[in-house]
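Heads up: the structure comes next, in structure tokens.
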Amino acid sequence: MYNKQKQFSEELFMSVLLKELFSPVRALFFPDRCALCHKVIEKDTKVCKNCRKTAPVIRGKTCHLCAMPEKECTCKKHSRYYKALTAPFIYKDVLKTGIHYWKFENYTVSTSFFAEMIAASVKEKFSDVTFDYITFIPQTAGEMTERGYNQTELLADALGRKLNIPVATLLVKIYETKRRHNMPLLFKSGNVTGVFECVQPEKIKDKNILLIDDIKTSGNTLNECAKMLRLYDAQNVYCAVIATTNPRRK
């Protein structure tokens, strides 16, 4: 099953990559848009002037488990299988718009901007860590067919190039799950329990892994994947996302 998912994933990734290679032709008919508010912007820019001023960037000291600014943290420092989490943004305002277009409207050109921001956050927060691999939250074959690509895999690949860290598929998702966006917080943990499995265990043992997702809400998906990596003797698992939020304040 892993080999089939891997082949399917690679084929979809190449199709998205080809779209990016032909972006100059695309630009003649479809103008560049802001990665956040999605308004038309000047050529060779990624974010409009207004979003550069108003984007909810995280600054200062943050909680090492939820990545929220310390004064806004409500996670109560519950134990996690991952060692720490970082994020460049809070999930609100224009970040919701930008991630929606990137995640659900096939606007994959935003991947580079999001990876660039995560890279800056990782360099700042995890400057003392040497990562062996970057990996990502996987999707089932059915989910890949529905969306056409795994946005976190694209993000991980772009981040790997920016940080010069190899990207490896270390996890597979073996069961379909219900969409968690509007699910009550009480049920989110059970929704992901036991749905992930590790592959390529020889790449996991005694390694420092950087695990990538798009948004952290409850943190249960990240925690479940980190648990599986730790069960296969990863030394430490660190996490990075585009944006984080407090589940109680969404």
Under the 3.5 angstrom rule, does the side chain of [X] hit a backbone N or O of [Y] as a donor-acceptor pair?
X	Y	answer
D32	I41	no
N246	C66	no
T135	A168	yes
E143	T140	yes
R230	N236	no

Contacts of [X] that satisfy side chain to side chain donor-acceptor pair (under 3.5 Å) - sequence neighbours left out:
X	value
K207	none
T86	S121
Q235	none
E105	H100

For residues 37-64, the ring-ring contact (aromatic ring centres under 6.0 Å, His included) pairs (sequence neighbours left out) are H38-Y101, H38-Y107
Which pairs count as ring-ring contact (aromatic ring centres under 6.0 Å, His included) when at least one residue sits in residues 201-236, sequence neighbours excluded? none
Just jot down the salt bridge (Lys or Arg N to Asp or Glu O under 4.0 Å) partners of [X], sequence neighbours excluded, or say none.
X	result
E70	none
K162	none
K125	none
D214	K103

Search all heavy atoms of [X] against all heavy atoms of [Y] and return the closest pair with its distance.
X	Y	result
A35	F113	CB-CD2, 3.7 Å
K203	I209	O-CD1, 4.4 Å
N208	T130	ND2-O, 3.3 Å
L210	F126	CD1-CE1, 4.2 Å
A240	I118	CB-CG2, 3.8 Å

Would you say [X] and [Y] make side-chain contact, with heavy atoms under 4.5 Å?
X	Y	value
P56	K92	yes
L231	C198	no
K83	V237	no
E224	T221	no

Using a strict cut-off of less than 4.0 Å between a Lys/Arg side-chain nitrogen and an Asp/Glu carboxylate oxygen, indicate whether E197 and K173 qualify as a salt bridge. no
Pairing residues for A87 by the side chain to side chain contact (heavy atoms under 4.5 Å, CB included) criterion, not counting sequence neighbours: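 Residues passing side chain to side chain contact (heavy atoms under 4.5 Å, CB included) with A87: I58, A67, V241, T244.
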For F114, all residues meeting ring pair (Phe, Tyr, Trp, His ring centres under 6.0 Å), sequence neighbours excluded: W102
I want to know whether Y238 and F131 have ring centres closer than 6.0 Å.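 So the answer is yes for these two rings.
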Would you say the side chains of T152 and D213 form a donor-acceptor pair under 3.5 Å?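 T152 vs D213: no donor-acceptor pair found between side chains.
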Under 3.5 Å side-chain donor-acceptor pair for K216 and T245: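 Side chains of K216 and T245: no pair found under 3.5 Å.
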Would you kindly confirm whether V40 and V47 end up in one hydrophobic cluster when ILVMFWY residues are joined by side chain heavy atoms under 4.5 Å apart? no
Would you say L65 and Y81 are hydrophobically clustered, going by side-chain heavy atoms of ILVMFWY under 4.5 Å?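 L65 and Y81: separate clusters.
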Does the pair Y133 and I165 meet the rule for a side-chain contact (heavy atoms from CB on, under 4.5 Å), with working shown? CA-CA 6 Å; Y133 293 105; I165 300 171; 5.5 Å; no
